[in-house]
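Below: one structure, written as structure tokens.
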Amino acid sequence: MLKRETAKLLKPMTTSDSATVKNSIRVRMAPSPTGSFHVGSARTALFNYLFARHVSGQFILRVEDTDMQRNDAAYEQVIYEAMEWLGLHSDENPLSGGPYGPYRQSERFDLYREYAQQLVASGAAYPAYETADELAAMKAEQAANKLPPRYNGAHRDLTAEQRAAFEAAGRKAVLRFRVPEGEIAWDDVVRGRVAWQSKEIDDFVIQKSDTTPTYNFACVVDDHLMQVSDVIRGEDGLSNTPRQIMLYQALGFEVPKFAHLPFLLGRDRSKLSKRHGPVSLLDFRDQGILPEAMFNYLSLLGWNPGEGETQEIFTREELIQRFTLENVNKAGAIFDVEKLHWMNTQYLKQMPIARFIELARPYLLEAVPDLQAEDAYTQQAINMARERIHGIADIKDAATYFFSDNYTVDETGAAKHLTNVSKPRLEQLRQRFEALSEWNHDSIENAIRTLATDLNIKPAELIHPVRMAVSGRTVGPSVFELLAVLGRERVLRRLSGVGGR
RNA sequence: GGCCCGUUCGUCUAGAGGCCUAGGACAUCAGAUUCUCAUUCUGAAGAUCAGGGGUUCGAAUCCCCUACGGGCUACCA
């Protein structure tokens, strides 16, 4: 209901109106460097990016590395590499900095301690001295009695003397948030109104015993300090939201807008994970998926332009122009590699040949060390070869024979097409090619068809052996075009070589 | 277990009470073109809108219940 009204209210907004909100919209992507960069994270980052660019706001990258156990500096690089590859440029981040830095949580510990102390001072938070064992025992007992596992609030109202006693005994305290009674509700931009009873939530930890913050706490402090206006994140953030809202309120911060994105799912409809196959963004790059194809594909998972639009291929600019949170779906979407591949080929086919060669170069270089990218021959050859590949990595196999005589030969195909019957015919064809005054598609076709007529055989009986002889394979471009592009010299040489096989 | 979120062709989705005999795309199948493969084009099949109850003259669309799926329930993020 509210969603609809919001959409209507936003519609009549003029350019000058949106210029007014400019700069006040700030969103952030906050990954933690604990491994590879998941496509699900990429999709979340993408929606943040699209939203920010659409409203001319700021897109921030913040690294959430508060878990000293699991973090690794090398993983932070993975984040940058992945974001860079997808073309998700952030306005503020740990590397280039910005007005609200630092952008790495491990460099902001003092800040969190300060705010945590503020909550203790106001009575909104308190130290709790239970040991891990005591907590475990408490949970076990609750489980035995079929009660929900929840902190029982034992240290909620310790006296100063009791606290001093624990301290004297050498116990370290965590800081727990004193959850107030009542209902917490918000209007989620993608889900509508979501409400929670605070009695469902126990007094959660905001500062660990080593004085570092927990996720929920650091997140709130940072989002506020970094002036984040719209929190766009995965739906696993849904159940954290009431905790965070209580924190915003206790701290006296303004509560941002929340938008919870549906998950990316695996084939079995559970949250997409390694079990489902490669899920790291960079894995797809390594498989030859183009960043623009991934960008396009991901944008359509859980979002669509609406209004009956049937277009599927969009440029980055079109996506930025059309993206709105109102059109984000609520239900999770299965990550379907088949469609990704289809989209990839769309981009592969229509991209400028120069760019294609640039992307293909690393694969080609393995077989063709002296590749000349600007060469007209190279461009023609690659252009022809790319017609039938599905991933850029396939180009090596599909194009090597254009440049080198040292290509792999399909032996099964050779046995079939290069026989004692066809070899003499190929020699005759070679002679006719040699005698041709012009070397082009039509003259070649004419020569082949004429010879076929003279020999009283079907053209196909020449065509297949020729392709085999000059490319080493049974499939590929039209033979006439293929020969024309390869050039007479190369063709004659390879036809001569056939006799020796 | 408790709480929260979700449910339209196999998959991604359109759908904002009558335009829905539910539209598009991927995948599938068939045909056309053809020297192969790929492309391209044409066509087919595929969803009683999770199920049940309401509200309404009329429901995929609004309400309720059920089922199923997912998430959260850490001194992880």
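Each chain gets a letter, A, B and so on, in the order the sequences are listed, and its residues count up from 1. Remember, it's a predicted structure, so these values are computed and weren't measured experimentally.
Comparing the C1' positions of B:G6 and B:A25 gives a spacing of 23 Å, expressed to the nearest Å. B:G24 and B:A44 have their P atoms separated by 10 Å, with the value rounded to a whole Å. Nucleotides B:C41 and B:G46 place their P atoms 24 Å apart, quoted to the nearest Å. Nucleotides B:U13 and B:U8, compared at atom C1', are 9 Å apart to the nearest Å. When the C1' atom is used for both B:U55 and B:U61, the distance is 13 Å, rounded to whole Å. Comparing B:U11 with B:G58, their P atoms sit 33 Å apart, to the nearest whole Å. A distance of about 36 Å separates the P atoms of B:C20 and B:A67, rounded to the whole Å. Separating the P atom of B:U42 from that of B:C35 is a span of 22 Å, rounded to the nearest Å.
A close approach under 4.0 Å does not occur between any side-chain nitrogen or oxygen of A:S239 and OP1 or OP2 of B:U73. The phosphate of B:C12 (OP1 or OP2) has a side-chain N or O of A:R269 nearer than 4.0 angstrom. Checking the phosphate oxygens (OP1, OP2) of B:U8, no side-chain nitrogen or oxygen of A:K330 falls inside 4.0 Å. Phosphate contact (OP1/OP2 of B:C76, side-chain N/O of A:K208, threshold under 4.0 Å): present. Note on A:R150: every side-chain N or O is 4.0 Å or more away from OP1 and OP2 of B:C3. Under 4.0 angstrom from either OP1 or OP2 of B:G6 there lies no side-chain N or O belonging to A:N329.
When rounded to the nearest whole Å, the span between CG of A:N344 and P of B:A27 equals 13 Å. Atom CD1 of A:I463 is separated from atom C1' of B:C35 by 4 Å (rounded to the nearest Å). Rounded to a whole Å, the CG atom of A:L135 is 15 Å from the C1' atom of B:C76. The interatomic distance linking A:F263 (CZ) with B:U11 (P) rounds to 19 Å, in whole Å.
Applying the side-chain contact (heavy atoms from CB on, under 4.5 Å) rule to A:D133 yields the partners A:T131; only residues at least two apart in sequence or on another chain are considered. In terms of the side-chain contact (heavy atoms from CB on, under 4.5 Å) criterion, residue partners of A:T400 (sequence neighbours excluded) are, by chain and number, A:A367, A:K396, A:Y407. For the side-chain contact (heavy atoms from CB on, under 4.5 Å) test, residues two or more places apart in sequence or in another chain that qualify with A:R113 are A:F109, A:D110, A:Q207, A:T211.
A:R267 has a carboxylate O that lies under 4.0 Å from a charged side-chain N of A:D336, or vice versa, which qualifies the two as a salt bridge. A salt bridge does not link A:R386 with A:D394: none of the charged nitrogens is closer than 4.0 Å to a carboxylate oxygen. The residues A:R28 and A:D223 are annotated as salt-bridged, a charged nitrogen and a carboxylate oxygen being separated by less than 4.0 angstrom. Ion pair A:K139/A:E141 not flagged as a salt bridge, since none of the NZ, NE, NH1 or NH2 atoms sits closer than 4.0 Å to an Asp/Glu carboxylate oxygen.
The side chain of A:V174 sits closest to B:C75 out of B:A38, B:G71, B:C75. Here the nucleotide nearest the side chain of A:V475, chosen from B:U36, B:G24, B:U13, is B:U36. When distances are taken from the side chain of A:T310 to each of B:U13, B:G24, B:U36, the shortest belongs to B:G24. Listed nucleotides: B:A77, B:U40, B:C5. Nearest to the side chain of A:E235: B:C5. Residue A:S478 places its side chain closer to B:C35 than to any other of B:C35, B:G70, B:A14. Distances from the side chain of A:P149 to the nucleotides B:C35, B:U13, B:G1 place B:G1 closest. Residue A:A331 has its side chain nearest to B:U7 when only B:C5, B:U7, B:C26 are considered. Considering only the side chain of A:V479, B:C35 comes nearest among B:C75, B:C35, B:A38. For A:K349, whose side chain is taken as the heavy atoms from C-beta onward, the closest listed nucleotide among B:U39, B:G69, B:A77 is B:U39. You'll find that the side chain of A:N240 is closest to B:A77, out of B:C4, B:G6, B:A77.
In this model, no side-chain donor or acceptor of A:R191 finds a partner on the base of B:C5 within 3.5 Å. With hydrogens and angles ignored, a donor-acceptor pair closer than 3.5 Å exists between the side chain of A:K339 and the base of B:A25. No N or O donor and acceptor, one from the side chain of A:R473 and one from the base of B:C37, sit under 3.5 Å apart.
Using a 4.0 Å cut-off on heavy atoms, the residues of residues 214-225 of chain A that approach RNA chain B are A:T214, A:Y215, listed by number.
Here B:C26 sits opposite B:G10 as a Watson-Crick or G-U wobble pair (both hydrogen-bonding atom distances under 3.5 Å). With a cut-off of 3.5 Å on both pairing distances, B:U34 has no Watson-Crick or G-U wobble partner at all. The base-pairing partner of B:C49, taking Watson-Crick or G-U wobble contacts with both distances under 3.5 Å, does not exist among the strands shown. When both distances must be under 3.5 Å, the Watson-Crick or G-U wobble mate of B:C57 is B:G18. Under the Watson-Crick and G-U wobble criteria, each requiring two contacts below 3.5 Å, nucleotide B:U73 is paired to B:G1.
Across all strands, A:P262 comes closer than 4.0 Å to no nucleic acid atom at all (heavy-atom distances). If you check every strand for non-hydrogen atoms under 4.0 Å, A:T474 touches a base. Backbone-only engagement by A:G308 is indicated by non-hydrogen atom pairs under 4.0 Å involving sugar-phosphate atoms exclusively. Residue contacts shown for A:A143 are absent, as no nucleic acid heavy atom lies under 4.0 Å away. Contacts of A:E130 with the nucleic acid, taken as non-hydrogen atoms under 4.0 Å apart, include base atoms.
Between A:F166 and A:Y129, the angle of the ring planes stays under 30°, which puts this pair in the parallel group of the 30/60° scheme.
Sorted by first and then second residue, the salt bridge (Lys or Arg N to Asp or Glu O under 4.0 Å) pairs involving residues 452-464 of chain A (not counting sequence neighbours) are A:R425-A:E461, A:R432-A:D454. Sorted pairs that involve residues 463-482 of chain A and meet side chain to side chain donor-acceptor pair (under 3.5 Å), not counting sequence neighbours, are lacking altogether.
Annotation: of the two residues near RNA chain B, A:S209 and A:R193, the 5′-most nearest-nucleotide partner is A:R193.
Note that A:R176 lies in the cation-pi zone of A:Y151, set by a 6.0 Å cut-off to the ring centre and a 45° limit from the axis.
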